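Model, not experiment: these values are computed from the prediction.
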Amino acid sequence: MTRQIHGPGDTRLSEEQRTGWIVGATFAALLALSGALMAALNHSIHVVDAFTRKDEREMVARYLDTRVRTVIIGQTGQLVWDDSVQHAVRHTDLPWMDRELGVFPWTNQGAEETMLVEPNGTLVRGWRHGQVMPDYPYAKARWQVESVLSQARSNRRVYGQVAQFRRVGGALWPFDARGAPLSRWGSSLVWHDGRLMLLTAAAIVPDRNYALLTTEPRYLVSLRLVDDRVLHALAADLLLPDFHFVRTLPPLSTVNSLPRFSADGTRVGFFVWTPQLPGPAIWRGTAPLLATWIFLFLAVLAGGVMIVRRMRATTQHLQLSEAQAQYNALHDPMSGLANRLHFAERLREELADANRQRQAGGQGDVFVGYIDLDAFKTVNDTMGHHVGDELVTQVAQRLRDGLLQTDLIARFGGDEFVVLRRTTGGLGAANALGRQIVGLMADPFIIAGHSLGVTCSCGISWGPGQTDDAAELLRRADIALYRAKQGGRARYRCYTNGMDATERLARELELELRRAIANDELEAHFQPIVDLATWQIEGFEALLRWPHPERGDIGPGVFVPIAEQSGLMVPLGTWMLRRVFMQCRHWPAADISINLSPIQIMAQGFIETIAALVQETGISPQRVILEVTEGVMLDRSDHVAQTLTTLQDMGFRIALDDFGIGYSSLSYLRSFQFDRIKIDRSFVQNIESDLDAQSILGAIVALGQTLRMKVVAEGVETELQRRLVHAAGCEFVQGHLFWPALPADQACALLARNAAQHMQQAI
């Protein structure tokens, strides 16, 4: 609402405004014309320069790919040769390999270093400058070699024309139309010993006796120096001045550049050169005309600006003061979003308008999305309120950038946000809004050097389709939010008529869970973990069960979220630790794995609690593996790191559970030395038909072995899955193929029997 100003100065102020608008419009027209001319010229020049840069980058990229293929073609004498298969794959003829794979690539092909490796990356023999090196320093280059091997084994680069694929050993191998096996290869620029090198890896295959290829062959790996001599030759071929390679681009760089990445996706650096741009020449040709026009325009503009500025100063001051006061009354000062008062007024207006449209035969609803951040209290408690305030600010900015401009976004306080959207579509539109909101919080937030994976939960209601009362619409969205948080992190739920009853049921279950913990009515079941090397039971994972006397068995997916929401997670976790320690302390030798909730570890006094349980039950901590998920690692503060380190010092081993499904699992492996990793069951479920899943599984296992961690595959349900995870290198597995989770007495009895004989009969 615009405030009216009454008084003797009204007419004078109105005249000043009209005069100012006329003068301003005249100069605005001149300014717009000048700006349009300059913008059109500048845009045309930028377009021409951009196309030139793009063409140069594409030319350089094609040329570099051609040079790499030339390197591979030059090696075909060793790669596609029956003798190489006989002497370097089927047998290990050291004198022959030293001559053909060591001396020949150095003297004839310019390879600084060569290696013969197994398909899994294990070094067979290495040469430098043609000389065999019994102590070849392979460890520092192995991760780079394995990345290129993974690229080669994906069949994306094959020397020859692929006509079909056949299974050779455990791999799908490319063959041409004649039935000849083709060499598959990969390449990557790498930094090796501080020097830029081209790393290539290609499989050794027969050229005549195709029957020699019975298993996946070994690979010949070569390292070629990319020095100034090579770069000068490239520059000469490309006709590009100042062509060189840098690790990082300087700020505000005007050079053209082509980024290069290693096989594992790490950026190695940039090829840079001085672009041949036509823009500067165009500017030089038009400069005199532009200077004349600008001089005339500024002379006219300078006289008019002084008049307009003085006339508008007073009016603008009054308008800005009024607008600021109105804005402050309706907006949250921290986030800049609408506040509760503004949202409530707008919601009532939109509902009334939607009702009028429906009465006139129209369609459309008002959708309300109630948002709550997951683990916000943990961030505040462990990292400080200043980090929490910055998180709120960044969340508000994401909502502004990611949602529709017509959406109204409000902050109700703390970590609660609300979104209002006018659209049609009913439940489908509600689901679209929920997916959009949850998706906006999927990427981590970077605050004060910390990477925070804070997601959100969302509840959605809409009216007049569900209700035309604004307060009731908000209440229903809040109920749907509660249901979403019960299901776990990063979820949304749409309100349904049964949710009021469901909320009452959740409250009842909360009370009954408190009673079950106090009355010792819960149970611990144990699922065996099998060592594939010995077919013996290596240990068990303890799983919590609630056999309700009236409702039947209630799964952890139902009561664990209730415990987390109601503050019962710490007593529930303590009950589980005490029960498992008591039941397993006298079992035959076997590891016992127990899941820990992030809430447990971050609770005050957790170390003292678990130390007291060890003393109370007498269990040896060396037998216990504590499994944590990346939710524990969300907080990178010293508190979490010190807690996990203290547990290891007490004798417990620490495992990272559900590995591979989080956005930053690899960074967790760098920040803490885990004793084992457990591969999430989602990688195992589709492994029979998904080659990518097999490759990812192999990469995870190789990573775990490199970091000296035991690897466990969860969810193995078929014999084919067991064979595939075993072939990938997994040491331990668990799943219904062997046994489900068993009561304590059955698990103990099973451990006492000959597990290997029982398993072979079962399979």
Query raised in the report: Is it the case that Gln397 and Arg400 place a side-chain donor and acceptor less than 3.5 Å from each other?
Result: yes

Query raised in the report: For the atom pair CD1 (Ile460) and CD1 (Ile437), what is the distance rounded to the nearest 0.5 Å?
Result: 5.5 Å

Requested in this report: Look at Asp520 together with Arg579 and state whether they make a salt bridge at an N to O cut-off of under 4.0 Å.
Outcome: yes

Report summary line: Distance col, row Arg398:CZ vs Ile409:CD1, nearest 0.5 angstrom, shows 13.5 Å

**Report entry** Pairwise distance CG(Leu626) to CG(Leu596) - rounded to 0.5 angstrom
**Finding:** 4.5 Å

Report task. Taking the side chain as every heavy atom from C-beta outward, state whether Ile679 and Val701 have any pair of such atoms under 4.5 Å apart. Result -> yes

Query raised in the report: side chain to side chain donor-acceptor pair (under 3.5 Å) with Gln600: which residues, sequence neighbours excluded?
Result: none

Requested in this report: Determine whether the aromatic ring centres of Phe417 and Tyr370 lie less than 6.0 Å apart.
Outcome: no

**Report entry** Pair Asp469-Leu351, side-chain contact (heavy atoms from CB on, under 4.5 Å): steps then yes or no
**Finding:** CA-CA 8 Å; Asp469 182 82; Leu351 280 172; over 6 Å; no

**Report entry** Gly402 versus Leu440, closest heavy-atom pair with distance
**Finding:** CA-CD2, 3.6 Å

Query - Side chains of Glu627 and Ile594 in contact at under 4.5 Å (non-hydrogen atoms) - result: no

Query raised in the report: What pair of heavy atoms forms the shortest contact from Ile517 to Pro571, and how long is it?
Result: CG2-O, 4.3 Å

Query raised in the report: With distance as the sole criterion, is a donor-acceptor pair present between the side chains of Gln394 and Glu390 under 3.5 Å?
Result: yes

Report summary line: CD1 of Ile371 to SG of Cys458, rounded to nearest 0.5 Å, is 5.0 Å

Report task. Working to the nearest 0.5 Å, report the span between OG1 of Thr467 and CZ of Arg475. Result -> 9.5 Å

Requested in this report: Inspect the contact between Asp372 and Lys485 and indicate whether a charged nitrogen and a carboxylate oxygen are less than 4.0 angstrom apart.
Outcome: yes

Query raised in the report: Should Arg515 and Glu521 count as an ion pair when the cut-off is N to O under 4.0 Å?
Result: no

Query raised in the report: Are any of the side-chain nitrogens in Glu416 or Arg411 under 4.0 Å away from the carboxylate oxygens of its partner?
Result: no

Requested in this report: Evaluate side-chain contact (heavy atoms from CB on, under 4.5 Å) for Phe732 paired with Arg676, printing each intermediate quantity in order.
Outcome: CA-CA 10 Å; Phe732 306 123; Arg676 67 171 57 179; 4.0 Å; yes

Query raised in the report: When you look at Asp332 and Arg340, which way does the salt bridge (Lys or Arg N to Asp or Glu O under 4.0 Å) test go after all the steps?
Result: CA-CA 9 Å; Asp332 173 58; Arg340 185 184 293 270; over 6 Å; no

Requested in this report: May I ask you to decide if Leu452's main-chain N or O and His450's side chain share a donor-acceptor pair within less than 3.5 Å?
Outcome: no

Query raised in the report: So is Arg421 actually on top of Phe367's ring, under 6.0 Å and inside 45° of the axis?
Result: no

Query - Criterion side-chain contact (heavy atoms from CB on, under 4.5 Å) on Ile592 and Phe581, from CA distance to verdict - result: CA-CA 9 Å; Ile592 305 298; Phe581 287 0; over 6 Å; no

Query raised in the report: Distance only, no hydrogens: is a donor on one side chain within 3.5 Å (strictly under) of an acceptor on the other, for Glu688 and Gln721?
Result: yes

Report task. Report yes if some heavy atom in the side chain of Leu568 is under 4.5 Å from a heavy atom in the side chain of Ile562; otherwise report no. Result -> no

**Report entry** Closest heavy-atom pair and its distance - Ala490, Asp374
**Finding:** N-OD2, 3.0 Å

Query raised in the report: When rounded to the nearest 0.5 angstrom, what is the spacing between CD in Glu345 and CG in Leu408?
Result: 11.0 Å

**Report entry** Among Gln734, Glu541, Glu714, the one residue meeting side chain to side chain donor-acceptor pair (under 3.5 Å) with Gln527
**Finding:** Gln734

Report task. Check Val624, Val712, Ile529, Asp657 against Ser593 for a side-chain contact (heavy atoms from CB on, under 4.5 Å) and give me the one that passes. Result -> Ile529

Report task. Would you check if Trp575 and Leu522 make a side-chain contact, meaning some heavy-atom pair closer than 4.5 Å? Result -> yes

**Report entry** Salt bridge present between Asp675 and Arg653 (N-O < 4.0 angstrom)
**Finding:** no

**Report entry** Main-chain N/O of Arg545 paired with Asp553 side-chain donor or acceptor, under 3.5 Å
**Finding:** no

Query raised in the report: Quick one: salt bridge (charged side-chain N to carboxylate O under 4.0 Å, His left out) partners of Arg358, sequence neighbours excluded?
Result: Asp365

Report summary line: Heavy-atom closest pair (Gly463 atom, Leu473 atom, distance to 0.1 Å) is N-CD1, 3.7 Å

Requested in this report: Take the angle between the ring planes of His331 and Tyr327 and call it parallel below 30°, perpendicular above 60°, tilted in between.
Outcome: parallel

Query raised in the report: Of the non-hydrogen atoms in Val418 and Val368, which two are nearest, and what is the gap between them?
Result: CG1-CG1, 3.7 Å

Query raised in the report: Do Thr266 and Asp264 have a side chain donor and acceptor closer than 3.5 Å?
Result: yes

**Report entry** pair Leu481-Tyr492: side-chain heavy atoms closer than 4.5 Å
**Finding:** no

Query - Pairwise side-chain contact, Gln363 with Gln357, heavy-atom cut-off 4.5 Å (strictly under) - result: no

Query raised in the report: With side chains defined as the heavy atoms from C-beta onward, is the minimum distance between Lys678 and Leu656 less than 4.5 Å?
Result: no

Query raised in the report: Is the closest side-chain heavy-atom distance between Glu608 and Leu613 below 4.5 Å?
Result: no

Query raised in the report: Is a donor on one side and an acceptor on the other found under 3.5 Å between the side chain of Gln694 and the backbone of Ile687?
Result: yes

Query raised in the report: Checking Asn519 side chain against Ala516 main chain: does a donor-acceptor pair fall under 3.5 Å?
Result: no

Query - Stepwise side-chain contact (heavy atoms from CB on, under 4.5 Å) check, Leu572 with Leu544 - result: CA-CA 10 Å; Leu572 182 63; Leu544 187 59; 3.7 Å; yes

**Report entry** Pair Glu508 + Arg551, salt bridge at N-O below 4.0 Å
**Finding:** yes

**Report entry** Heavy-atom pair of closest approach, residues Ala429 and Thr423
**Finding:** CB-CG2, 3.9 Å

Requested in this report: Determine which pairs satisfy ring pair (Phe, Tyr, Trp, His ring centres under 6.0 Å) with at least one residue from residues 508-529, sequence neighbours left out, and list them in order.
Outcome: Phe526-Trp587

